[in-house]
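Comments concern the structure below.
Just so it is clear, the structure is predicted and the values come from calculations on it, not from any experiment. Chain naming here is simple, since letters A, B, ... match the order of the sequence lines and numbering starts at 1 in each.
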Number of protein chains: 2
Amino acid sequence: MPAFRNPGQRAGLTRDRVLAVARELLVEHGMDGLTMRALAERIGVSPNALYSHVESKTALVDDLLDEVLAEVDAPALDVGDPIAGVHALMTSTYKVLLAHADLIPAYLARQGARGPHAQHLGDVMLALLERAGVTGSRAQEALHVLIVYTIGSAAFATRAPLASGESSPPTSRDHAAHFDHGLRWILAGITLPADYARSA
Amino acid sequence: MPAFRNPGQRAGLTRDRVLAVARELLVEHGMDGLTMRALAERIGVSPNALYSHVESKTALVDDLLDEVLAEVDAPALDVGDPIAGVHALMTSTYKVLLAHADLIPAYLARQGARGPHAQHLGDVMLALLERAGVTGSRAQEALHVLIVYTIGSAAFATRAPLASGESSPPTSRDHAAHFDHGLRWILAGITLPADYARSA
DNA sequence: ACCTGAACACCGTTCAAGT
DNA sequence: ACCTGAACACCGTTCAAGT
């Protein structure tokens, strides 16, 4: 907060640096510790300077969450079994989320991300689902249920076991197996005929 | 905020009234609209007066979320199939959550509730699981995965369909059927031998 | 275009009174 | 015990400068 610069003097700040320091703050002190003012202080700039590089705090967090999704491997759109492609995509997402466990509560609160990477992954998913015969609002639903399931599973896997009972705690391999079973069930449900449950 | 009372004059405020108005505010304006100051203003009291009836804002929201769980039907502990009991309990919880859809984002953010009602339902669940042969940290895990799944499913069911595509949107009956399928799968997974996935 | 200083309109919470 | 007034230590964001 002390003034090393006069008005008009630049700090050499970039949008990428803002995002990087924001991520540090979030990992170190959680979502409550990520404030615009704390962020500005760590960078060494006045709080309002951030608004030259970021539209709002909400947009900043959205960008943060979206950035991580760049690490997800998107399968090819037009080769192989489309449901196998969806399976691979969600499995990769699950792994990426586990690699950034500190961000999981934020994903959970927002029920996913919203930026260009999330958009792209969503488009890939919808294209794969379409090739599998799932379209329209049913595809939108399938997308959402898969996202919620994946984030929820990642949240569950990062929960420290409460250490009661005699059996050994579940390994990350156990969690991954659990995740995989559920994923396969959901995919089976999604590809059923659309009116399988329309009866009384 | 205008002063109708002098210091020392009571407003006849009760803890139940604070909770009731807090719930109004949350339903009307969402989680962001529920502030201690807005709450105090609607009640007609100064903001700090609330702290005579509530420990903190966090505790207030916790109580709010917990209160709703009083509506859940807890099955008998010691009669019938315990897994059928767990199934009935989660199904009742799902229905109660849908009946208070405005609160679902808050449950999601906190991954459940924490008060006495939540505690009681958790105890019932653990007792049922124990009768089904699931104990220790594995039971804790099962509890958590069932909670996350149920809240996530309720969140999914209350999402307005995005209205693209030719097929008719899924009914609440469809959602309930989906929820039931997933619940049965999870229960099957939970009751498998503990080391089913321990291989390489 | 990018920064500072100052300010606006808020927060949750505490502390010292008053009855 | 329950309330008010005032204050503390914060928020996100905007506006008017300066270069």
Side-chain angles (χ1 to χ4, degrees), chain A residues 1-26 28-65 105-106 109-110 114-115, chain B residues 1-26 28-65 105-106 109-110 114-115:
Chain A
M1 59 254 283
F4 293 93
R5 275 176 302 278
N6 297 328
Q9 297 187 337
R10 319 220 157 181
L13 199 52
T14 63
R15 188 189 142 83
D16 283 350
R17 170 131 177 80
V18 173
L19 281 173
V21 177
R23 196 150 148 193
E24 284 178 28
L25 228 43
L26 204 147
E28 288 175 28
H29 302 104
M31 204 57 179
D32 288 349
L34 175 53
T35 71
M36 297 301 270
R37 298 180 112 101
L39 182 52
E41 189 177 13
R42 175 169 290 207
I43 294 178
V45 95
S46 48
N48 44 3
L50 300 174
Y51 290 86
S52 296
H53 302 92
V54 133
E55 309 86 302
S56 67
K57 184 185 176 179
T58 304
L60 188 157
V61 175
D62 282 344
D63 289 349
L64 215 60
L65 297 185
R110 287 158 192 257
R114 255 150 265 261
Chain B
M1 58 253 285
F4 294 93
R5 276 176 302 277
N6 297 327
Q9 297 187 338
R10 320 223 157 176
L13 198 52
T14 64
R15 187 190 143 83
D16 283 350
R17 170 131 177 79
V18 172
L19 280 173
V21 177
R23 197 150 147 191
E24 284 177 28
L25 229 42
L26 203 147
E28 288 175 31
H29 302 106
M31 204 58 178
D32 289 349
L34 175 53
T35 71
M36 296 301 270
R37 298 180 111 101
L39 182 53
E41 188 177 16
R42 175 168 291 207
I43 295 177
V45 96
S46 46
N48 44 3
L50 301 174
Y51 290 86
S52 295
H53 301 91
V54 135
E55 309 85 300
S56 67
K57 184 185 176 178
T58 304
L60 188 157
V61 175
D62 283 345
D63 289 349
L64 215 59
L65 297 184
R110 285 158 193 257
R114 256 148 263 261

Whole-Å gap separating [atom2] ([N]) and [atom1] ([X]):
X: A/E41; N: C/dT4; atom1: CD; atom2: P; value: 13 Å
X: A/I43; N: C/dC2; atom1: CD1; atom2: P; value: 14 Å
X: B/L50; N: D/dC2; atom1: CG; atom2: C1'; value: 12 Å
X: B/N6; N: C/dG18; atom1: CG; atom2: P; value: 12 Å
X: B/Y51; N: C/dA17; atom1: OH; atom2: P; value: 21 Å
X: A/E55; N: D/dG12; atom1: CD; atom2: C1'; value: 14 Å

For a quick test of reading the model, state the closest non-hydrogen atom pair linking B/V45 to B/A11 and the distance between them. CG2-CB, 4.0 Å
Nearest non-hydrogen partners of A/A38 and A/G33, listed with the distance: CB-O, 4.0 Å
State, with a plain yes or no, whether a side-chain heavy atom of [X] is found less than 4.5 Å away from one of [Y].
X: B/R114; Y: B/T58; answer: no
X: B/L25; Y: B/E41; answer: no
X: A/L50; Y: A/L60; answer: no
X: B/L39; Y: B/K57; answer: no
X: B/P47; Y: B/M36; answer: no

Please measure how far the P atom in C/dA9 lies from the corresponding atom in D/dA9, and state the result in whole Å. 23 Å
Heteroatom pairs (N/O) under 3.5 angstrom, protein to nucleotides 9-11 of chain C:
{"from": "C/dC11", "atom 1": "OP1", "to": "B/T35", "atom 2": "OG1", "distance (Å)": "3.4"}

Residue-phosphate contact under 4.0 Å: [X] side-chain N/O, [N] OP1/OP2:
X: B/S52; N: D/dC2; answer: no
X: A/R5; N: C/dT4; answer: yes
X: B/H53; N: D/dC3; answer: yes

Contacts of B/P47 and A/P7 projected onto DNA chain C by closest heavy atom; the upstream (5') one is A/P7
Would you confirm whether B/H53, through its side chain, and B/L13, through its main-chain N or O, come within 3.5 Å as a donor-acceptor pair? yes
Approximate separation, where rounding is to 0.5 Å, of A/I43 CD1 and A/T14 OG1: 8.5 Å
When we call it a touch if two heavy atoms are under 4.0 Å apart, what does B/A49 touch: a base, just sugar-phosphate, or nothing? base
Consecutive-pair stems (at least three Watson-Crick or G-U pairs, under 3.5 Å) that include DNA chain C: C:4-8 with D:12-16, C:12-16 with D:4-8
Looking at the side chain of B/R10, which of D/dA1, D/dT4, D/dC3 is the nearest nucleotide? D/dA1
